[in-house]
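Fair warning: this is a prediction, and the values are worked out from it, not measured in the lab. Naming: A, B, ... by sequence-line order, numbering from 1 per chain.
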Amino acid sequence: MEKLTNKDFSSDQEVRWCPGCGDYAILRAMQKSLPLLNRKKEDFIFISGIGCSSRFPYYMDTYGFHSIHGRAPAFATGMKLANPNLSIWQITGDGDALAIGGNHFIHALRRNIDINILLFNNEIYGLTKGQFSPTSKKGIKTKSNPHGTTDEPFSPSDLSLGAKSSFFARVVDTNPKLMQKIFVEAEAHKGTSLIEIMQNCVIFNDKTFSSITGKDVKKDAQLTLEHGKPILYGATMNKGIILNKFKLETVIIGENGITIDDILVHDAYEQDSTLHAMLARMRPPEFPAALGVIRSVKRSTFDNDMNSQIDHEKKNAKFNNVNELLFSGDTWNV
Amino acid sequence: MEKLTNKDFSSDQEVRWCPGCGDYAILRAMQKSLPLLNRKKEDFIFISGIGCSSRFPYYMDTYGFHSIHGRAPAFATGMKLANPNLSIWQITGDGDALAIGGNHFIHALRRNIDINILLFNNEIYGLTKGQFSPTSKKGIKTKSNPHGTTDEPFSPSDLSLGAKSSFFARVVDTNPKLMQKIFVEAEAHKGTSLIEIMQNCVIFNDKTFSSITGKDVKKDAQLTLEHGKPILYGATMNKGIILNKFKLETVIIGENGITIDDILVHDAYEQDSTLHAMLARMRPPEFPAALGVIRSVKRSTFDNDMNSQIDHEKKNAKFNNVNELLFSGDTWNV
Amino acid sequence: MQSKIMNNPKVVDLEKVVIKFAGDSGDGMQLTGTQFTDTSALLGNDLATFPDYPAEIRAPQGTVAGVSGFQIHIGSIDINTPGDIADVLVAMNPAALKANKNFIKKGGSIIINIDSFNQRDFEKAGYKQSPLEDNSFEGYNLIEAPITKLTRETLKDSKLDGKSIGRAKNMFALGIVYWMFNRPMQQTESFLKTKFKKSPDLVEANIKVMHAGYNFADTIEALSSSYTVLSAKLPKGTYRNVMGNQAMSWGFLAAAENAKKELFLGSYPITPASDILHELAKHKNLGVKTFQAEDEIAGVCSAIGASFCGSLAITTTSGPGLALKGEGIGLAIMTELPLVVVDVQRGGPSTGLPTKTEQSDLMQALYGRNGESPAVVLASSTPANCFDWAYQASKITLEHNTPVILLSDGYLGNGAEPWKIKSTNDMPKINPNVAREGDDYLPYARDKKILSRKIAIPGTKGLEHRLGGLEKEDITGNVSYDPENHEKMCKIRSEKINRLSNIIPEQKIYGNESGNLLVIGWGGTFGSLYSAVDTLLKDENSVGLCHFNYINPLPRNTKEILSKFNRIVVCELNAGQFANYLRMNFQGFVFEQYNKLQGFPFTSIELESHFKLLLSK
Amino acid sequence: MQSKIMNNPKVVDLEKVVIKFAGDSGDGMQLTGTQFTDTSALLGNDLATFPDYPAEIRAPQGTVAGVSGFQIHIGSIDINTPGDIADVLVAMNPAALKANKNFIKKGGSIIINIDSFNQRDFEKAGYKQSPLEDNSFEGYNLIEAPITKLTRETLKDSKLDGKSIGRAKNMFALGIVYWMFNRPMQQTESFLKTKFKKSPDLVEANIKVMHAGYNFADTIEALSSSYTVLSAKLPKGTYRNVMGNQAMSWGFLAAAENAKKELFLGSYPITPASDILHELAKHKNLGVKTFQAEDEIAGVCSAIGASFCGSLAITTTSGPGLALKGEGIGLAIMTELPLVVVDVQRGGPSTGLPTKTEQSDLMQALYGRNGESPAVVLASSTPANCFDWAYQASKITLEHNTPVILLSDGYLGNGAEPWKIKSTNDMPKINPNVAREGDDYLPYARDKKILSRKIAIPGTKGLEHRLGGLEKEDITGNVSYDPENHEKMCKIRSEKINRLSNIIPEQKIYGNESGNLLVIGWGGTFGSLYSAVDTLLKDENSVGLCHFNYINPLPRNTKEILSKFNRIVVCELNAGQFANYLRMNFQGFVFEQYNKLQGFPFTSIELESHFKLLLSK
Ligand SMILES: Cc1ncc(C[n+]2csc(CCOP(=O)(O)OP(=O)(O)O)c2C)c(N)n1
Ligand SMILES: Cc1ncc(C[n+]2csc(CCOP(=O)(O)OP(=O)(O)O)c2C)c(N)n1
Ligand code: SF4
Ligand code: SF4
Ligand SMILES: [Mg+2]
Ligand SMILES: [Mg+2]
């Protein structure tokens, strides 16, 4: 197979996000990741809904579909069922995926259709100029509620794990390396791979993730999980997470007799999602926010199950073509 | 206030479910529960979508609305926002709530609008004659997949807790007493009270809950949670649940040195939903299924937040009527 | 047993007979009807059937709301409708009699399960006293058979439990009717053997009861004779009996095979369309992929996704579901992808009358989307030709890369008739309009003649491109906000559909090609309109029938046809939607209307008398 | 600085002037335009404005796609459109010049920020070389101002950072234009003081720059003189400037207050309708409840729920959202509850041209639902009368208990004009048709005249009842599958709407009441049609304008009007939907069409010349 580079994945269309928008970094990371996947260029589809982020497919020189608001998982499902050989990437915003598209989103996760979903979570409706979204922090003032929202936000991790998500990862738009790593892992995972990207909207919700991504705080505010490794963070990696009864706690190695052996070891492959959910819920200031692949478990995929069933039925077929069906059963001649 | 009885809540419409349908028992339990709530008859609304269960409002002599498929939470939200004094009961099926209506369902839970949702979970589409639903057990054969479904089902408890449900209870259609108790608690809870009712569809999915409701097994297959009480079950209440590291386990009091003090005490009021989710996930044969009020936590309600905001704005009003608004700001006279 | 012959039985017309089986929802009338149908079909009768059941799964036992009916019209002549009125009614309880009392021909035969005619059942049916005691049924041939009792008697030695024995009584009724019409019982016997293959006791019991019914009829001499309906003079060929929804499903299977495409169905169950999903779900062995989506929107969107990836993609629904699919259909129009949307219409508005038939989604099919968004609209017109129209819809959508909405209705979908089986080899070729590797591909470049663009399927090397719902630039398909381009593209999208009228056949007329009265219909009303016009033609009235299957575009000779008649009446099961559509398209004509909105098909009789009135004025 | 006067500036018509401010999305052109508007309004000019911005939040800086424009038409005479073509263009960069090059009147003035006319910016705009070097702008009055440089210069001692200084340059341009039209700067000064009240430095800087621009213009003598547009002779009263979406919002507020109802809005954001949500969300102090739903379906359904519970309930959206609301609207029709659905139309089909205007949702509004489901359809026709039509829609829906669809469009919604403020005391009374405690309540009993049922609101003792989407029995409102009842109810639902035509005013004609040419329009095209017809009338052409706001039902005298003209032309920003609707309703007329599908309003000029053509043939 010919060797592809990021250039092969850049379309001729001018990128039209606001200067400084987090989407640029994600686009670049994606264009760099695809060559690592060893797949043919013509086998990729980028499918999106509507939103700033949903313009993404136009900038990728692959097959692409900028569909309608909220429905991308349904299109993606049809695509993957029609052709299970394709590598399908759904691009979606927090409004697209969790407001109008919430239903398709949870059903895709439940079915575990083998696609990759990139959730560009900027906690705002960008394209329609700044209304609050289902992930906006309660109380923020936006055009559609200038007195502060009264909506309790979704936690994307809790919602998706509640919907039986088999793969959940998280990354910030300021970490291109981690993005690339996760994109590659997502593609390798069989089933619906959900990646929440904390993405900054400079125009309507600037710095909403600054307590996590701020240069000054990020060492203590971010924790990158790796399967099989102890859960450590901090500038010198001397901080860690332990499990105390039913709660997570942060500790410092060397203090209060804590050693590396006390630190929780991350098990992304564990079927029970309880601990994954707890890790994903961690937030500054009490905790660092968990990044990386938080959950990645084996579960049969919808496309594969359907195709096995079809293969099985074909093998045990009563009819091999339509004519045989038409002339089967009770017929009579005139 | 005049004293009401179950008769006051029975409409003159003939009940039209199949003989033997679990819906009858739920209807009766509801008609008996409402008089216990000390509310005026005219302040109740029953709102439903479409499905066998969704005919429920016709049989209640209250205000009622048999709306369209899947959208009942949206109607209910509008109703409660319009008049927060009403007691609003949403009746919905597993298809209505979790297939077409999944989005409105999770958003109602997230917002914590103060309504009560009765989810008649019969793990099948009854009204349309027996297709599988998003809660049908994987592999069951139905009209719409005679070779066995390939859909992984939702767990209503996981999905709703993932959507930040503040109240989750579960009951079987064969236990009218517990239904009444839960209905009363649900109404007392401020916020969205979700009650999953394991309901038998005699026609299209008979006995789907028999491992829980079967007369022979039920003592060991059902466990009724009560806040503040140790979690016990069994014919002689000698069995219990303990927490071992991160897993629940069943034990027998008196065996292996287990005493009543080892048994987990149910805390429905705990904000952290981790343990609630684990309890709700228990299923025979390993575990008994948890019934009763599994979670009931305080969280501000959407209707209350909106109304407080309006009250606050009214108090600090720039304008007290529309004329003042119309003539405000830059105007000029000709 | 007692048989009151209130009158000498009139001799039923042996050219054709309408029989209605009616009973409680639990009485097995649908099965009884289907068996009689299959047997008659095998005997070579032409026929048409129509089931009529309540919206509840099981409405309260014994009530009128709970009556389930199955009507069958058989004949040695051409049969086009399930009949207006029954020659023979089987009524398993008082409610069944009450529900059908206006649907029995004066002097017709009524077979009654007299065991169910007791005070409790009268009351459930809303009768104060026995309807048999007053004079309501004077002039009918009333056959009172103790069906429950004799069924029990027949099975008194059987190992079956009481419930199963009770359920067998429909076979007794079927036996009586088989005797009446001189039909053999073998077909039903072998059916029972297959159906209950796991329970030989049940097989034996049911067969025994059916024979008991047959023998009972043979003995009682309630009827002066038994009747024969000779086999119809149908064109030579192999026949089978098909229901509309089944025929539709098979049409799609055939189209996919001939187009060398995989068939994909994205659908959400809804009455009366669900049976298409059920039927296609059976045929995984033919490679069909059926996806029961979480809702109608996911149904249409998954289909569009599958279409983009090369499947013959369809989505099926009924009125309320079509309302939900509008936005998705708009996207398919903008992206110019193949897609067939089937609407099996039911009574509206809103949830309306979900189990009843109607033609009131026409405007929605034509216009139920934002913006200028023209789609091809077709309508099937008989249960059997649902096959052809599914095939044709698939052919058009794949060859022209433009969405097609195919209208059927509850009457067609659930109705059945014999179908002369076609071989897939004899069907028109389907040549999907697809770009291939190496093509110089511009997504929105078009064939000059038919104006359709080529689609390029993911996986095809070198043809990577992006589609979407924003306005497309002509030729390149890039996003374009250019004013002139938008106007141009709107025109192309509409002209593309208009050009189809060059390809589709001219509209045919049945009866006179010009003259006094032109009867216009479309879709599911064909049978009744045809029967009515046929009768009028026999009396040499100057009348023609112009029944449409192509709605958008209309056949190119439509205007010409209109101009050849003095009077035009448009007959529809709605308030006049097609009439309005014709008014938009053809000015200068007067379109009279004949409409019915009762959840039931037209009867030929009401049409005939209305047409006669028009002809006489 | 340099000012090339390529030609003697033609004297602009002082009766009216069209000015367009254009620059990069980040250049603050919308604010500049609004300021000029407000100042002109305060001076008593009549005016109309129209913003025109890209679909992206910020398209790439310096590109044509990224140009944001604001057009304003002011006059001492009646102004009805934002103008076809600009007398004065402010172009902050080459892209702004390029985007508007066809929208400047030959001989008009172009004020250019010459600092942005460099090679890099030419290229971004897609120019190979400077458009000022070739002869493209010969015949125009080109004013090249070093706006960036002089702004920096002005603020060289300011404490502001470079970015903020850069952003102030729009004030320089505004200063120039204020000078040109002899406008005072106080209004903008006080605006700046309020806007930046937390940052006195910003206030000072912006005011300083504006004055610098003003003085610059005063000095350069680029223009032979400055102009004055006198105040218009408007009817006496208090005026304010309103945008269509704002006026619409306020109309609902007024209706709710006068109906003594709480206002409830259930909505999901969508361009160009979102501003209604934004506007209403501000006014919680008036008790309005705005619910930003999870999608459009929840928007309409929550509104129906609120309506059932006694609110004046509305839902607002644009085309794709209306497609999603169809099923919900059908339920409101069946349950006969009050509901106003606002569709601020945009370019379709599908996502189409989301920021552009169009009138192509008419058919969807009329028919985008399953079954026979008639709704009242109204259309506003100027930014200011969005107020009146919101009020009228509310009045009809509350008094007749039947849903109303109100059509606006992007042009009306974002456009602005002066509005003579009405007091709520002077508006027609609204008497909601509601049952009270103690009434003998039958949910589907009706007023004999207007055929509407009474609604009973939860909380009302003794009136408990059940509604739903299944067909309702006449009078009782119980579920009914009865065939005759269904037909009857379908007729009632349609007749109820038809009867409204007895109540609404007769259709008016502007111009000749009979004669040669009848120009027909509806909704947002009023301004351009009026201007065009007005011009023709001045030349004594035999022409009348009949502009519709009531679409369903149509005014009772419509047919009479049609019959008084020799020729009828229906002008719409779609492919002819209203023309088709008229064809359905009125046979025997020839409806010619004039259509435009370019995302922009008609220009008066194109209309005039087309009408002249029709009049001459
Ligand atoms: C049916 C429909 N409803 C509403 C819209 C308007 N709309 C487009 S994108 C969007 C929300 C965008 O938010 P998000 O998904 O978070 O994307 P972002 O712009 O923040 O990347 C909305 C409300 C639409 N295009 N279609
Ligand atoms: C828009 C729409 N789509 C589909 C339907 C058909 N439909 C009615 S109820 C139902 C599912 C019922 O299942 P569930 O909610 O579990 O209720 P149950 O009958 O089991 O109580 C479906 C698919 C409909 N009425 N409307
Ligand atoms: S509005 Fe926000 S999310 Fe959208 S392109 Fe601009 S910065 Fe990015
Ligand atoms: S079909 Fe099932 S759920 Fe519906 S009424 Fe019958 S038993 Fe109950
Ligand atoms: Mg967002
Ligand atoms: Mg169910």
### Query
Do A/F65 and C/L337 have side-chain heavy atoms sitting under 4.5 Å apart?
yes

#### Entry: chain C contact residues among residues 93-110 of chain A, heavy-atom distance under 4.5 Å
A/N103, A/H104, A/H107

### Query
Most heavy-atom pairs under 4.5 angstrom with chain A, which of C/S302, C/P418, C/G469?
C/S302

### Query
If you round to the nearest 0.5 Å, how far is CD1 of A/I50 from CG of C/L470?
6.0 Å

### Heavy-atom pairs under 4.5 Å with chain A, option from C/A254, C/S311, C/S307 with the top count
C/A254

#### Entry: Any residue of residues 327-335 of chain C which, by heavy atoms, sits under 4.5 Å from chain A
C/E327, C/G328, C/L331, C/T335

### Task
Only counting residues at least two apart or in another chain, list the ones meeting side chain to side chain donor-acceptor pair (under 3.5 Å) with A/T192.
none

### Query
What is the minimum heavy-atom distance between C/R466 and A/D61, and which atoms define it?
NH1-OD1, 3.1 Å

### Message
Just to verify, which of A/F46, A/Y58, A/Y63 counts as forming a ring-ring contact (aromatic ring centres under 6.0 Å, His included) with C/H465?
### Response
A/Y63

#### Entry: Contact listing (chain A partner; residues 455-463 of chain C; heavy atom under 4.5 Å)
C/A456, C/I457, C/P458, C/G459, C/T460, C/K461, C/L463

### Task
Mind running side chain to side chain contact (heavy atoms under 4.5 Å, CB included) on C/I304 and A/F75 for me, showing each step along the way?
CA-CA 6 Å; C/I304 294 171; A/F75 292 96; 3.6 Å; yes

### Message
Are C/C309 and A/K80 packed together at the side-chain level, in the sense that at least one heavy-atom pair is separated by less than 4.5 angstrom?
### Response
no

### Message
With rounding to the nearest 0.5 angstrom, report the OH to OG1 distance, C/Y239 to A/T331.
### Response
12.5 Å

#### Entry: A/K32 atom NZ, neighbour heavy-atom count above 12 within 6.0 Å
no

### Task
Using non-hydrogen atoms and a 4.5 Å limit, figure out which bit of C/E294 sits close to chain A: side chain, backbone, both or neither.
both

### A/D311/C/K284 salt bridge by N-O under 4.0 Å criterion
no

